[in-house]
Amino acid sequence: MSTKNIALGVGGGIAAYKSAELARALMERDCTVDVVMTRAAEEFIRPLTFAGLTGRKVHSHLFATSGSEDTLNSAIDHIRIGQEAAALVIAPATADLLAKLAHGLADDLLTTMYLAFTGPVILAPAMNTNMWNHPATQTNLKTLRARGHVIVEPDDGLLACGVVGPGRLAEPVRIADLVMRALEHQQPDLAHLLHGETILITAGPTQEPIDGVRFISNRSSGKMGYALAEEAVARGAKVVLVSGPVHLRPPRGVTLVPVRTAAEMRQAVMEQLSEATIIIKAAAVADYYVPDAPSQKRKKTSEPLTLALAPTIDILAELGTKKGGRLLIGFAAETANLIDEARRKLIAKNCDMVVANAVVGPNGEKPGIGFEADDNEVVLVKRDEAIPVSRAPKRRIAAWILDEVRNLRLAAPVTAQTAQGI
Ligand code: PMT
């Protein structure tokens, strides 16, 4: 089986013409592409276009229209294509196709092949904005996400029907990049990807005492940092996890260093720094603390209590001055100007990448991502690009982040000296 044979399903939407660009983008990434079209797709683009582009037969009908032998060969096609493909990408994935996939309907070659396919599935929806926002479509997407399929969120913009909003097929190059990343995740031996790296990860909140029993903290559950630690171990790295107080079991194979306050987190990070080759700061470190908090519980009175707060030391900024050849990955939890703020932190704190996540929208919590949530949605901000990663479980987000960390490493190999900052 070719490790880079891709099955490209084409749905019947106005964006079908862009699938030709996607086929070309995949071929530029050394893939062979087998195109499977729905009948509706043939109304928008001719099979000959794809045949000419890919140099391979284009498949569309479950049962050939002529001769028994053709019929038999055609019916076996959906099994063969699925067995030979390393990934299945469907673009455009229309609302109708998403519904059929979600409910396991198989009334044509593409949907039959989907049911027979066992590898990574990448879906790039494209449709009218109202159809995209319809609860039925969103429910189908939730089902498909839960199966672990990669959903390439459509872009906002002017649609063929004249409406402006989400629903435009994502750019073919972005879809192709996500297909290649999905292929990388499928590599059976992930363990070689970060072998030899020592990754220092911070996770969870810190607790800043007000007195002997009370403290200031935040809602970080530690899930994002722990997912990174689990994924890093799976990829062969040695992992040191400096964690604030959370209710999570430490991932197997990591060295856990529990801390409570920002000061304790800073001390633990600096103690572990010399061994680290990569640092990832996912912890929600308190920005302020109460100097000289009394060890006794403050007595409650009927008078207002005023607390004098002082800024904590910015650990990420300090690491930016000491990182040497290490890769330094920061996070940014923002409520507005997500990418601008993340880019500012990237430069100001000398990071190699900042993982930006919107945590609280102006009208309240962004549902289902960020603090405490099982999912997250991030933008990976690097010096020369910003890569949006659609909403997914935090373990999958961790995989995307570590993919980019590996790309950064491949672009800037580390030597022992550079890692020590010599
Ligand atoms: O833990 P979960 O419930 O899974 O939630 C995940 C998360 C939302 C906490 C996580 O995705 C996240 O955004 N973590 C960073 C939260 C944060 O403190 O963001 P910030 O923009 O305030 O800080 C920017 C960076 O500076 C962070 O890397 C932070 O670790 C670091 N920092 C901040 C303050 C400080 N005194 N020292 C630091 O190192």
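Order of listing sets the numbers, starting from 1, for every ligand and every atom in it. Bear in mind that the values here come from a model prediction, so they are computed numbers and not experimental data.
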Do any N or O atoms from the side chain of Thr38 and from the backbone of Ala41 form a donor-acceptor pair under 3.5 angstrom?
yes
Verify whether one side chain among Tyr226 and Ser243 offers a donor that lies under 3.5 Å from an acceptor in the other.
yes
Within 6.0 angstrom of Arg395 CZ, more than 12 heavy atoms from elsewhere
yes
Under 3.5 Å between any N/O of Ala283 and any N/O of ligand 1: does that happen in this structure?
yes
Is the shortest distance from a Lys or Arg side-chain nitrogen in Arg39 or Asp108 to a carboxylate oxygen in the other one below 4.0 Å?
no
How long is the straight-line distance from CG of Leu316 back to NZ of Lys323, given to the nearest 0.5 Å?
9.5 Å
Nearest non-hydrogen atom to atom 15 (C) of ligand 1 belongs to which of Tyr289, Phe331, Tyr288?
Phe331
What protein heavy atom sits nearest atom 37 (N) of ligand 1, and how far away is it?
Ile315 N, 3.1 Å
May I ask you to list the atoms of ligand 1 that are less than 4.0 angstrom from any heavy atom of Lys345?
20 (P), 21 (O), 24 (C)
Atoms in ligand 1 flagged as close to Lys223, the criterion being non-hydrogen separation under 4.0 Å
1 (O), 2 (P), 4 (O)
Using a plain distance cutoff, I'd like to know if Ala284 has any nitrogen or oxygen under 3.5 Å from a nitrogen or oxygen of ligand 1.
no
Picking from Lys18, Arg168, Arg174, what satisfies salt bridge (Lys or Arg N to Asp or Glu O under 4.0 Å) with Asp155?
Arg174
Element-labelled atoms of ligand 1 that are located less than 4.0 Å from some non-hydrogen atom of Ser221
1 (O), 2 (P), 3 (O), 4 (O)
Pick from Leu316, Asp314, Asp287: the one approaching atom 34 (C) of ligand 1 most closely through a non-hydrogen atom:
Asp287
Are any of the N/O atoms in Ala282 less than 3.5 Å from those in ligand 1?
yes
One finds that the ligand 1 atoms under 4.0 Å from a non-hydrogen atom of Glu372 are 2 (P), 3 (O)
Is Asn376 in contact with ligand 1, taking contact as a heavy-atom separation below 4.0 Å?
yes
Show the atoms of ligand 1 that are less than 4.0 angstrom away from any heavy atom in Thr312.
36 (N)
Residue part near ligand 1, for Asn357, under 4.0 Å between non-hydrogen atoms
side chain
Show me which atoms of ligand 1 lie under 4.0 Å from any heavy atom of Ala332.
21 (O)
Of all the atoms in ligand 1, which lie at a distance below 4.0 Å from a heavy atom belonging to Ala333?
13 (O), 16 (C), 19 (O), 20 (P), 21 (O)
For ligand 1, which atoms, with element, lie under 4.0 Å from some heavy atom of Ala286?
36 (N)
For ligand 1, note which part of Val355 has a heavy atom under 4.0 Å away: side chain, backbone, both or neither.
neither
Please indicate whether any nitrogen or oxygen in Ile313 is less than 3.5 Å from any nitrogen or oxygen in ligand 1.
yes
Tell me: protein heavy atom nearest atom 6 (C) of ligand 1, and distance?
Met224 CB, 3.7 Å
Supply the atom-to-atom distance Leu101 CG to Asp96 CG, rounded to the nearest 0.5 angstrom.
9.0 Å
What do you reckon, is CG of Asp384 surrounded by more than 12 foreign heavy atoms closer than 6.0 Å?
yes
Is it the case that the side chains of Asn140 and Thr137 hold a donor-acceptor pair, with the cut-off being a distance below 3.5 Å and no angle test?
no
Should the pair Asp352-Arg326 be classified as a salt bridge under the 4.0 Å nitrogen-to-oxygen rule?
no
Polar proximity ligand 1 side, Gly222 side, N/O cut 3.5 Å exclusive:
yes
Do Glu230 and Lys223 meet the salt-bridge criterion of a basic N to acidic O distance under 4.0 Å?
no
Ligand 1-proximal atoms of Glu341, by part, heavy-atom distance under 4.0 Å:
neither
Would one find more than 12 heavy atoms of other residues, nucleotides or ligands at under 6.0 Å from atom CD1 of Ile14?
no
Verify salt bridge (charged side-chain N to carboxylate O under 4.0 Å, His left out) between Glu334 and Arg344, making sure each step is shown before the conclusion.
CA-CA 12 Å; Glu334 304 298 339; Arg344 183 185 61 77; 5.7 Å; no
Give a yes/no on ligand 1: does Thr202 have at least one heavy atom closer than 4.0 angstrom to it?
no
Report the nearest protein non-hydrogen atom to atom 9 (C) of ligand 1: residue, atom name, distance rounded to 0.1 Å.
Phe371 CE2, 3.6 Å
Are Glu372 and Ser221 close enough that a side-chain donor and a side-chain acceptor fall under 3.5 Å?
no
Yes or no: does Glu318 have any heavy atom under 4.0 Å from an atom of ligand 1?
no
